[in-house]
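For reference, the structure is listed below as structure tokens.
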Protein chains: 2
Amino acid sequence: MNIKIGELARRAECHVETIRYYEKEGLLSPPKRSGGNYRLYDDSHVERLQFIRHCRSLDMTLAEVQTLLGYRDTPAQDCGEVNALLDKHIQQVEIRVEALLQLKRHLLALREKCSGSRAIESCGILQGLSDCSCHSIPAEGATTSFVEA
Amino acid sequence: MNIKIGELARRAECHVETIRYYEKEGLLSPPKRSGGNYRLYDDSHVERLQFIRHCRSLDMTLAEVQTLLGYRDTPAQDCGEVNALLDKHIQQVEIRVEALLQLKRHLLALREKCSGSRAIESCGILQGLSDCSCHSIPAEGATTSFVEA
DNA sequence: TAAAGACCCTGTAGCTACTATAGAGTCAAG
DNA sequence: CTTGACTCTATAGTAGCTACAGGGTCTTTA
């Protein structure tokens with residue numbers, strides 16, 4: 001079974017460019033090529049790419065995905081480290097949720113400061129934004145980035 | 001009152017490079033220079049930069065900050081649009097929180113699949129990650145990025 | 001046989017909001 | 001006069017792609 005990159009992309013629901021990017025980053029090993037220099041994939045590539053995309057949809061970094069792929073590739077070990085990686089990832093998500101809820105509280109407090117259609121000069125929101133008394137910066141590790149659809 | 005960029009950075013609690021970056025991006029207008037070509041700032045710059053940093057700590061994009069600065073610079077208007085911008089921003093935060101909670105549910109479900117220290121081959125988590133049946137991609141606009149401390 | 005269209009190739013630049021260098025110049029204190 | 005703290009510009013890097021440009025390949029149809 002030899003499929004070209006477009007078909008692989010369709011089966012894993014991702015862009016062709018993303019596949020080439022993963023190859024460049026070492027998550028997918030360079031596949032064999034056709035006479036016309038087209039990349040040729042088989043079922044194992046489909047499965048591996050789906051694994052990667054699934055991890056990405058769970059918001060893991062490519063480094064985390066690399067680690068998991070490494071575990072997959074050495075089946076002799078036990079999977080305690082897989083569990084640990086996932087636990088750590090869940091914890092990071094929890095931290096982000098907390099940071100976002102804190103952020104929302106700040107935004108709502110700010111929004112309270114102006115409810116009407118006042119003149120810009122007396123707008124409580126703009127004034128609140130100039131006031132730096134609550135200038136707290138969210139905790140580190142609070143950064144998110146999601147795979148796009 | 002003429003302060004140099006380092007002092008401005010100290011007062012707004014941000015990096016010198018960030019200030020130069022904001023100038024390049026048009027959020028701060030180029031200040032006057034000293035004989036030795038040093039940037040010289042005054043109180044209005046301090047206030048404007050604090051405004052920007054406050055907005056950033058609330059996770060607004062630089063484009064949103066630009067818009068708010070624009071409103072500030074035209075005090076004749078009323079501030080209905082300021083309220084609208086903030087409402088939209090709050091809504092985006094809510095969407096992100098929901099996406100993250102959904103993500104956490106997925107991760108916890110995955111984590112349930114393996115609790116022991118089994119051999120890698122039979123690890124339920126790695127198997128779950130290969131299975132693409134729940135391959136849902138988080139909603140757009142779910143991306144977060146925070147100002148770092 | 002030729003041309004059109006769909007697909008593929010490499011390489012590079014762009015996105016956000018900075019951060020981090022390199023290599024040079026300025027300025028005040030000792 | 002030298003040291004050290006500060007500043008300047010310009011450029012490259014971060015994550016994870018995405019979007020070209022400028023070509024080549026393959027299949028189908030006229």
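In what follows, chains carry the letters A, B, and so on, assigned in the order in which the sequence lines appear, proteins first and then strands, with residues in each chain numbered from 1. Model, not experiment: these values are computed from the prediction.
Taking side-chain N and O atoms only, B:R39 has a distance below 4.0 Å to OP1 or OP2 of D:dT9. Look at A:R33 and you'll find a side-chain N or O under 4.0 angstrom from OP1 or OP2 of C:dT10. The side chain of B:R20 contributes no N or O atom lying less than 4.0 Å from OP1 or OP2 of C:dA17. Contact annotation: A:T18 does not reach the phosphate of D:dG16 (side-chain N/O to OP1 or OP2, under 4.0 Å). OP1 or OP2 of D:dC17 lies within a sub-4.0 Å distance of a side-chain N or O belonging to A:Y22.
Proximity note for A:L62 (side chain, C-beta onward) versus D:dC8, C:dC18, D:dC17: the nearest is D:dC17.
Salt bridge absent: A:E25 and A:R20 never bring a charged side-chain N and a carboxylate O closer than 4.0 Å. With respect to the salt-bridge test (charged N to carboxylate O, under 4.0 angstrom), the residues B:D59 and A:K104 do not qualify. Salt bridge annotation for B:R72-B:E47: present, with a cationic side-chain nitrogen under 4.0 angstrom from a carboxylate oxygen. Taking a cutoff of 4.0 Å between a charged side-chain nitrogen and a carboxylate oxygen, A:E23 and A:R39 qualify as a salt bridge. A salt bridge does not link B:R53 to B:E13: none of the charged side-chain nitrogens sits closer than 4.0 Å to a carboxylate oxygen.
For A:M60 and D:dA15, the CE to P distance is 18 Å, given to the nearest whole Å. Taking atom CD on B:E7 and atom P on D:dC6, their separation rounds to 11 Å, with Å as the unit. Rounded to an integer number of Å, the gap from CD of B:E17 to P of D:dA10 is 15 Å. As a whole-Å value, the separation of A:Y21 OH from D:dT18 C1' is 11 Å. Rounded to an integer number of Å, the gap from B:Q66 CD to C:dT16 P is 12 Å. What separates CG of B:N2 from C1' of D:dT7 is a distance of 15 Å, to the nearest Å. Across the protein-nucleic acid pair, A:K24 atom NZ and D:dT18 atom C1' stand 12 Å apart, rounded to whole Å. In this entry the distance linking OH of A:Y41 with C1' of C:dC8 reads 11 Å, nearest Å.
When the nearest nucleotides of DNA chain D are assigned to B:K4 and A:S34 by heavy-atom distance, the more 5′-ward of the two goes with B:K4. Taking for each of A:N37 and B:A63 the nucleotide of DNA chain C with the nearest heavy atom, the 5'-most of the two is the partner of A:N37.
A donor and an acceptor atom sit less than 3.5 Å apart, one in the side chain of B:Y38 and one in the base of C:dG25.
Using a 4.0 Å heavy-atom cutoff across all strands shown, B:T61 reaches sugar-phosphate atoms only and no base atom.
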